[in-house]
Each structure stands twice: as structure tokens, then as C-alpha cells.
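See structure below.
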Amino acid sequence: MTDSSVRVRFAPSNTGTLHLGGARTALYNWLYARKRGGTFVLRIEDTDRVRSTDAFCADILDTMRWLGLDWDEGPETAAVDGPSKGEHGPYFQSERGALYRPFVERLTETGNAYRCFCSADRLTELREKQQAEKASFRGYDRRCRSLDPAETAKRAEAGEACTIRLAVPEGETGWDDGIKGAVSWNNAEIDDLILVRSDGTPTYNLVVVLDDHLMAITDVIRGDDHTSNTPKQILIANALGLTPPRFAHIPLILGPEGRKLSKRKAQFQDGVKVEADVAPYRDAGYPAEAFLNFMALLGWALDDKTEVFTREELIRDFSFDGVTKSGSRLDLKKLEHFAGIHIRAMEPDAIADAVTPSLVAAGLVSEVDAAGDKRAAIVALAGANRERLTKFSDIVEKASFVFGDVTEYDAKSEKNLLKNEGAAADVLRKYAVALEGKAPDAGQLEEQARSLAEEWDVKFGQLVHPIRAALTGVAVGPPIFDVFAMIGMDAARERLTRAAAWVDERRKATESSS
RNA sequence: GACCCUAUCGUCUAGUUAGGUCUAGGACACUGGGUUUUCAACCCAGCAACAGGGGUUCAAAUCCCCUUAGGGUCGCCA
């Protein structure tokens, strides 16, 4: 299965941020390359000078790095003149103009392409007419195709504006798609597309063919929306005498409402907007590996059982055989499920690392404390909440009682403190005393608490629930004996006695008012 | 409108290439139960699909045809 000659590429245009569909295309390319021991090339198609920006490029690079989709060749920064790696550069398409010239000449010399003097206005008119007439063929009417080449060359030399069009031959154009199988087009359906604009710059379809050839790309793996470009590109390659690469078209990712995922028209799942970009998922705190797992399974399956994959397992098991032919809707619930699984597989230390930025961002700890005094508390917090996190940022809502004092009790906690005629106050005070000199070890503390409950002749719950209320102020949280390690024994005892005092006060208040 | 592609539980999918082992398997979600100091996690159970119609065949989710539905593409954008 190893074939180091395999070269694949991901070629996003930086007219937008990295989209989920694009990210999955990148992932499948990457997996294919890594599995074969081949080369993964990143090329930025930045020839749309008005819409391309460095910021979008930076987003694409950053997001791919976050996903761990490292490229063997490509740019290293968003700057066109910045450093790059690889022998087939430049990797910004806008820098490659000079490389295309000889191919364009070859095209016209061999008669596989011709000069077209039709104005943009005439083409627009033509298109509108075809639409109005509901014509079945929509495209260029080939008016300039029959012009004498010698004459058109003269006109062009004289400075008359012209484009260069592919002279599509008669016949069939097909290929054996790595995913779809045999696909074929009648050439009569294919327009004499423009290869070179009147300003002399080459168009997308030409440039792709040339870049892929120049970069020695062996396999083009891309979204299904490119399927109809493929016969055009094969025709161009043929016209140049080049061997086209192998093609594989992966089905599109659909939003929860079943339409193609798009940044323009948001789609909703249970009233929640589903992001089409990748960065928001990173920023929300989903683990990269879980996101990768989720994306991989959107349109690919190994078998009828396996669902959880590490990066390495994905590389080992990925193949076109398992890629589905139909588009798939994404389901955020499934992403959350994967995220939970991946987080649960992490060590508390690693979770603590991952969770710290969220805590700092929420203003709960300073960066300095997070690395110093509070590190142990964060590790304890992370470890105790391992089963409760779906994304790293979820830690924030679980952490308030760790970094801030408990100043009030929620309704359920109040109830737990006040029931049984305030017996909790007594229990908490006794417990605070019993805690003296104890280490914050959850196992030992629980053991002690159980025997204390027996000794004091109260149910375990009658002890534990008030403790939870006293220490956290809320009725829902991690196993309560884990909390001591998060807040420290001194703070714990203080909170216990304070809660006891609060109970007394409340009872006094209600007695006097009744 | 034309062309290309696709069609299994609400969702992601296995099964289709080599028709019988499929009263269609798994997962998410949902529902019920168990476990438990709460919430989770975990365990058990349940719900739920071969788009429709014709063929071929002893036998079709699987092969063929039609219909329907969905998606994609039809730029001097990429």
C-alpha cells in the first residue's frame, strides 16, 4: 500500500476562511498521503486579486495547524514572499504566472486552442438569450473558432483584445473516479471554455491543470462540486499532451437542513446555528482530534462497528473503499459525543493544559497563577470533570466555586441545607472539626465521612448533600470529595462553618417572621 | 432547462462489487430501567429504515429499466 511517489494537494482559495467541507477535503488528502507515505502539498489559489486576503490565508494555515494536518510542501506563512518549503514552489498561485506562458503558446500553436475576439458584452447577451430561450446548451457559440489562425495572430499582435479558448474536440471524455467509479461526459456538453483572459492571465481550469502537472500531483482528491470541471481539465491536459492525474471526488457535506453547507445561508439544528467554518469549533473548545474523528466519519466508514479513531488509526484505516457516494448531513450531537469520548481518554494533566486558556479567558485565574499556585487545583478540577466535558470551554461553568468564594446557595442547595430542621448546621460544624489535619485525598475523605455518618447516626446523604451545598453552593457537580483538592482544606473548613452559620441565621429569621 | 451524481432507521452508516448467511447490523439522538452523594459517565432494554413502480431469478436492500426526490455544475470566480 505504500507508494512514496504519491503526491496529493489541497488547494484552497483564500477568498474565505477554512470551511468544514474544505477541511474534510484536506483531511482525506492528508490521510491518503500519510497512509501511502506520499507527499501532501498545500497550494493557495490566490488569483482572485479582489477577494483574496492575507487574513483568510492566515486563517486557513492556522486552522490546518490546529487540526494537525501538516503539509510537506507549501507556504509557511500567509505572506506571498514569506518562506516556504518544497521544491515545486512558489505555492501561491499568484506568484506562478511566468510558469504558464510556454504552455499557452503550445496550446495555440497546436491548434488545440484559438483566439476569441468576442466581447464580454456579447457573451453576456448570448447567455441571457440562451436563458430566455431555455436553450438546452448554454455556452459559447464558437463563433471565433472558424477564424483563420494566421489572421487572428495578426489581429492579436496589432493589439486587439482577445481571449484564448479551448477547442473542444468531438467525442467522449471520461475517467475512472477513485470514489464514484466510471464517469463520462459527451464533449458536446462541454463549452469551449476560456483558458486565457483578455488581460493575458490564465483562468482557473488551465492553471489547475498546469500547477498539478508542474507540482507532479498524482492524485486529485476534491469535493464533488468539482466533478463537472474534471472533463474540462482532462481535455486541457490532453490538448497539452500531459497525462492527467487520477481523480477522486468526495461527496459534499450538507447542513442539518440538508442543503449544501454555506457561510451565506446559515442552517440550524434545534434552533442552534451550525457553523460552516472550522475556527468556531476550535474557539468553542472542541478537541482537534475529536473534530478530526467527526469529520472523517462524515462520509467515510471503516466497517459496521468502529467509530472512534485516533489520528494514527485514521491513517492506518483510511481508504476510498469506505467513502460514501452520497452527501452527508452533519449532526452536532455526534460531534459532542466524539468530543466527550476523546476528552475522557485524556490524562487530567493534559486536560488541565487544554482547559487553562478557557479559564484564563473567563477571568477566573491569571496566566501566572494557572501555571503556578493554582495548577494543582486546575488539575484536580480537570480530572474530576473528565466525564462531564464535551468541549474544553465547558470547564468555565464548572469552575466558579473553585476560583471564587461561595457567597450564595442555589435553590436546591438551600433546601439541602435547611431540611430536617436545620440539623445540617450541627453536622457541618462537627464535620469541619473532624477534618482538622486531614489531607485532601478523595478516597480517604470518603471513607472517613462514611464512618462519621454511622457514628453520628445520620444517613450518608444527610451528610454529603449539605457538604456539597456548603463547598460549591450548587447541587450539581463533581464527586464531592474531589472538591477538597480543588479548593484546599482550609477553605473547605471555612465554607463548612460559614454554611452552618448561614443555616442558623436563616432559621432564626424565619422563626421571628412567623 | 441541459448534463453529471446520489437514494437503507430522525441523523451518520454496515450490508450492494461476487443475489440466499438480512424477520437488515452498529453508532448518535430519543424513551424506559439499572448503578450512584448530585450531574455526568457507565450498563441493560426499547423505538426506528431498504423512496415508489415494473422487471430478471427458485430467491433481490443487493442486478436491469422507469418514475420520484435530493445534490452538484453550466462565469474573461476559484
Side-chain angles (χ1 to χ4, degrees), chain A residues 11-16 45-48 50-52 93 116 118-120 123-124 127 130-131 133-139 161 163-165 177 180-181 183-186 188-191 193-199 201 203-205 207-208 223-231 249 251-252 254 256 258-260 269-270 294 297-308 321-322 324-338 340 344 385-390 398 412-413 416 446 449 459-465 467-469 472 474-481:
Chain A
S13 76
N14 56 336
T15 53
E45 313 217 324
D46 61 341
T47 47
D48 185 339
V50 285
R51 293 193 301 147
S52 297
Q93 212 161 52
C116 170
C118 294
S119 68
L123 298 176
T124 311
R127 194 160 30 239
Q130 285 168 344
Q131 258 166 30
E133 287 173 359
K134 298 191 171 165
S136 56
F137 180 82
R138 295 186 189 179
T163 61
I164 295 176
R165 286 182 182 274
D177 195 279
K180 301 164 92 84
V183 183
S184 129
W185 244 269
N186 187 333
E189 300 291 338
I190 301 170
D191 194 20
L193 64 154
I194 291 177
L195 301 176
V196 181
R197 301 184 188 93
S198 49
D199 67 1
T201 59
T203 60
Y204 167 74
N205 282 111
V207 169
V208 167
D224 210 358
D225 46 347
H226 282 288
T227 303
S228 56
N229 281 327
T230 304
H249 291 90
L252 268 14
L254 276 16
R259 306 190 311 268
K260 183 187 176 185
Q269 179 175 358
D270 302 327
F294 172 66
L297 270 288
L298 221 45
W300 171 82
L302 173 64
D303 54 28
D304 60 340
K305 297 273 189 301
T306 324
E307 288 214 303
V308 179
D321 291 346
T324 333
K325 288 185 183 162
S326 53
S328 28
R329 299 184 190 206
L330 62 84
D331 178 4
L332 258 26
K333 288 275 176 44
K334 195 100 178 186
L335 170 61
E336 287 174 2
H337 172 246
F338 281 125
R344 265 171 260 138
N385 280 296
R386 180 153 60 170
E387 292 82 17
R388 269 158 282 263
L389 299 179
T390 262
K398 321 252 180 226
K412 253 191 159 171
S413 298
N416 285 334
E446 176 170 354
K459 282 193 196 135
F460 191 51
Q462 287 177 300
L463 174 57
V464 151
H465 292 301
I467 295 176
R468 176 181 298 284
T472 71
V474 291
V476 170
I480 194 59
F481 298 105

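Below, all heavy atoms of this structure are taken into account, side chains as well, without hydrogens, waters or symmetry copies. Residue numbering restarts at 1 for every chain, and letters A, B, ... go by the order of the sequence lines.
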To the nearest angstrom, how far is [X] atom [atom1] from [N] atom [atom2]?
{"X": "A:E336", "N": "B:A41", "atom1": "CD", "atom2": "C1'", "value": "15 Å"}
{"X": "A:K325", "N": "B:C5", "atom1": "NZ", "atom2": "P", "value": "10 Å"}
{"X": "A:K459", "N": "B:U37", "atom1": "NZ", "atom2": "C1'", "value": "13 Å"}
{"X": "A:L332", "N": "B:C12", "atom1": "CG", "atom2": "P", "value": "14 Å"}
{"X": "A:E387", "N": "B:A41", "atom1": "CD", "atom2": "P", "value": "9 Å"}
{"X": "A:Q462", "N": "B:U38", "atom1": "CD", "atom2": "C1'", "value": "16 Å"}
{"X": "A:E133", "N": "B:A2", "atom1": "CD", "atom2": "C1'", "value": "14 Å"}
{"X": "A:L463", "N": "B:U38", "atom1": "CG", "atom2": "P", "value": "14 Å"}

Non-hydrogen side-chain atoms of [X] and [Y] separated by less than 4.5 Å:
{"X": "A:Y204", "Y": "A:T47", "result": "no"}
{"X": "A:T230", "Y": "A:W185", "result": "no"}
{"X": "A:F294", "Y": "A:H337", "result": "no"}

Nearest-angstrom distance, [atom1] atom, [N] to [M]:
{"N": "B:C65", "M": "B:G10", "atom1": "C1'", "result": "31 Å"}
{"N": "B:U13", "M": "B:C50", "atom1": "C1'", "result": "13 Å"}
{"N": "B:G15", "M": "B:A27", "atom1": "C1'", "result": "16 Å"}
{"N": "B:U68", "M": "B:U56", "atom1": "C1'", "result": "23 Å"}
{"N": "B:C12", "M": "B:G71", "atom1": "P", "result": "14 Å"}
{"N": "B:C4", "M": "B:C44", "atom1": "C1'", "result": "48 Å"}
{"N": "B:A49", "M": "B:A29", "atom1": "C1'", "result": "15 Å"}
{"N": "B:G33", "M": "B:U21", "atom1": "P", "result": "37 Å"}

side-chain hydrogen bond (donor to acceptor under 3.5 Å, both in side chains) against A:Q130, all qualifying residues, sequence neighbours excluded: none
With A:D46 via side-chain hydrogen bond (donor to acceptor under 3.5 Å, both in side chains) - residues at least two apart: A:S94
Annotated protein contacts, base or backbone, on nucleotides 68-78 of chain B with a non-hydrogen cut-off under 4.0 Å, one of B, S, - each: ---SSSSSBBB
B/S/- contact track for nucleotides 17-30 of chain B, protein heavy atom under 4.0 Å: --------BBBSS-
Strand partner of [N], provided both Watson-Crick or wobble distances fall under 3.5 Å:
{"N": "B:C42", "result": "B:G34"}
{"N": "B:A2", "result": "B:U73"}
{"N": "B:G20", "result": "B:C58"}

Just call it for [X]: base, sugar-phosphate, or nothing, with non-hydrogen atoms closer than 4.0 Å on any strand.
{"X": "A:P478", "answer": "base"}
{"X": "A:G299", "answer": "sugar-phosphate"}
{"X": "A:T324", "answer": "sugar-phosphate"}
{"X": "A:G477", "answer": "base"}
{"X": "A:P231", "answer": "nothing"}

Partner residues of A:L254 under the side chain to side chain contact (heavy atoms under 4.5 Å, CB included) criterion, sequence neighbours left out: A:L252, A:R329
Contacts of A:A301 that satisfy side chain to side chain contact (heavy atoms under 4.5 Å, CB included) - sequence neighbours left out: none
A:V464 side-chain proximity, nearest of B:U37, B:A14, B:U6: B:U37
Once salt bridge (Lys or Arg N to Asp or Glu O under 4.0 Å) is applied, do any residues pair with [X], and if so which ones, sequence neighbours excluded?
{"X": "A:R138", "value": "none"}
{"X": "A:R51", "value": "A:D48"}
{"X": "A:D270", "value": "A:K333"}
{"X": "A:K398", "value": "none"}

Check against side chain to side chain donor-acceptor pair (under 3.5 Å), A:T472 and A:R468: CA-CA 6 Å; A:T472 71; A:R468 176 181 298 284; 5.3 Å; no
Pair of N/O donor and acceptor under 3.5 Å linking B:U11 base with A:R329 side chain: no
Criterion side chain to side chain contact (heavy atoms under 4.5 Å, CB included) against A:E45, the qualifying member of A:N14, A:V208, A:V207: A:V208
Polar atom pairs (N or O), protein with nucleotides 45-53 of chain B, under 3.5 Å:
none

Minimum-distance pair of heavy atoms, taken over all atoms of A:S413 and A:A475: OG-N, 3.3 Å
Nearest non-hydrogen partners of A:Q269 and A:D331, listed with the distance: NE2-OD1, 2.7 Å
Of A:L302 and A:R344, the one whose closest RNA chain B nucleotide lies more 5': A:L302
Considering only nitrogen or oxygen atoms on both sides, find all protein atoms under 3.5 Å from nucleotides 64-66 of chain B and state each distance.
none

Inter-residue atom distance A:D224.CG - A:K325.NZ, 0.5 Å rounding: 11.5 Å
